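Submitted below is the structure of interest, expressed as structure tokens.
Because the structure is predicted, anything quoted here is derived from the model rather than measured.
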Amino acid sequence: MVNATINGMTLRIHKAGRIVVPKPLRDRLGLRPDTELEVLEQPDGLLLRAIEQRPTMIKVDGLWVHRGVPQPGANLDDVLAEVREDRIKSILKA
């Protein structure tokens with residue numbers, strides 16, 4: 001098993017590849033069950049970083065704005081046309 005010391009805390013890689021983050025560190029960093037972490041390989045080791053969970057859609061000045069990343073192969077012109085068509089239909093129904 002591999003050990004590492006972080007701020008005086010030791011982490012151990014289990015034979016199944018699991019890493020247990022000590023509770024005081026989880027509490028301090030706000031890591032909860034099911035928190036997703038990304039792993040970045042660096043020259044001197046690994047960096048574990050919590051993935052920021054933020055909504056992809058937010059309302060700005062009354063309009064919905066997409067802040068996420070489009071799906072690979074998405075045609076933004078088609079997506080915009082579809083959204084506009086849906087918006088016009090919803091206005092005409094009201």
Side-chain angles (χ1 to χ4, degrees):
M1 291 192 182
V2 177
N3 293 321
T5 302
I6 299 175
N7 295 332
M9 295 181 197
T10 299
L11 303 178
R12 177 170 290 159
I13 298 178
H14 185 268
K15 62 183 174 184
R18 295 181 191 94
I19 298 173
V20 176
V21 179
K23 184 168 180 11
L25 187 57
R26 291 193 316 264
D27 290 344
R28 186 165 55 86
L29 297 175
L31 301 175
R32 304 284 177 247
D34 295 326
T35 298
E36 290 186 7
L37 302 173
E38 67 178 331
V39 179
L40 301 171
E41 185 176 351
Q42 299 186 332
D44 58 343
L46 300 174
L47 171 66
L48 292 176
R49 181 168 54 191
I51 298 174
E52 180 183 350
Q53 299 294 325
R54 63 182 196 155
T56 59
M57 297 290 291
I58 61 168
K59 209 167 206 178
V60 177
D61 297 328
L63 298 174
W64 285 100
V65 177
H66 185 266
R67 300 187 318 171
V69 178
Q71 294 179 349
N75 183 327
L76 296 181
D77 291 330
D78 291 344
V79 171
L80 287 173
E82 183 179 328
V83 169
R84 287 181 181 132
E85 184 178 325
D86 290 346
R87 185 181 301 159
I88 290 169
K89 286 179 184 177
S90 68
I91 292 171
L92 293 175
K93 288 181 182 178

* Asked: Do you know which of Leu92, Ile91, Asp86 makes side chain to side chain contact (heavy atoms under 4.5 Å, CB included) with Ile88?
  ->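 The side chain to side chain contact (heavy atoms under 4.5 Å, CB included) with Ile88 is passed solely by Leu92 among Leu92, Ile91, Asp86.
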* **Path from Leu46 to Leu48 over hydrophobic side-chain contacts below 4.5 Å** =>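 Same hydrophobic cluster.
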* Got a second to check how far Arg49's CZ is from Leu29's CG, nearest 0.5 Å? ->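 Output value for this atom pair is 13.5 Å.
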* To do: Give a yes or no on this: more than 12 heavy atoms of other residues, nucleotides or ligands lie within 6.0 Å of atom CZ of Arg26.
  =>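 Yes, enclosed.
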* To do: Answer whether the closest heavy-atom distance between the side chains of Asp27 and Arg32 falls below 4.5 Å.
  =>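 Yes, at least one pair of side-chain atoms sits under 4.5 Å.
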* Nearest-0.5 Å distance, CD of residue Glu82 to CG of residue Asn75 ->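 It is 11.0 Å, given to the nearest 0.5 Å.
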* pair His14-Val20: side-chain heavy atoms closer than 4.5 Å ->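 Contact flag for His14/Val20 side chains = no.
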* Asked: Counting heavy atoms not belonging to Asp34, are there more than 12 under 6.0 Å from its CG?
  ->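 Not buried by this count: 12 neighbours or fewer within 6.0 Å.
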* **Least distance between heavy atoms, Leu31 atom then Leu37 atom** =>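 For Leu31 versus Leu37, the nearest heavy atoms are CD2-CD2, 4.2 Å.
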* Does CD belonging to Gln42 count more than 12 external heavy atoms closer than 6.0 Å? ->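 Yes, enclosed.
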* Please list, chain by chain and in numerical order, all residues satisfying salt bridge (Lys or Arg N to Asp or Glu O under 4.0 Å) with Arg84, sequence neighbours excluded. =>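 Not a single residue meets the salt bridge (Lys or Arg N to Asp or Glu O under 4.0 Å) criterion with Arg84.
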* Distance from Leu63 atom CG to Met57 atom CE, nearest 0.5 Å? ->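 If I round to the nearest 0.5 Å, the distance is 10.0 Å.
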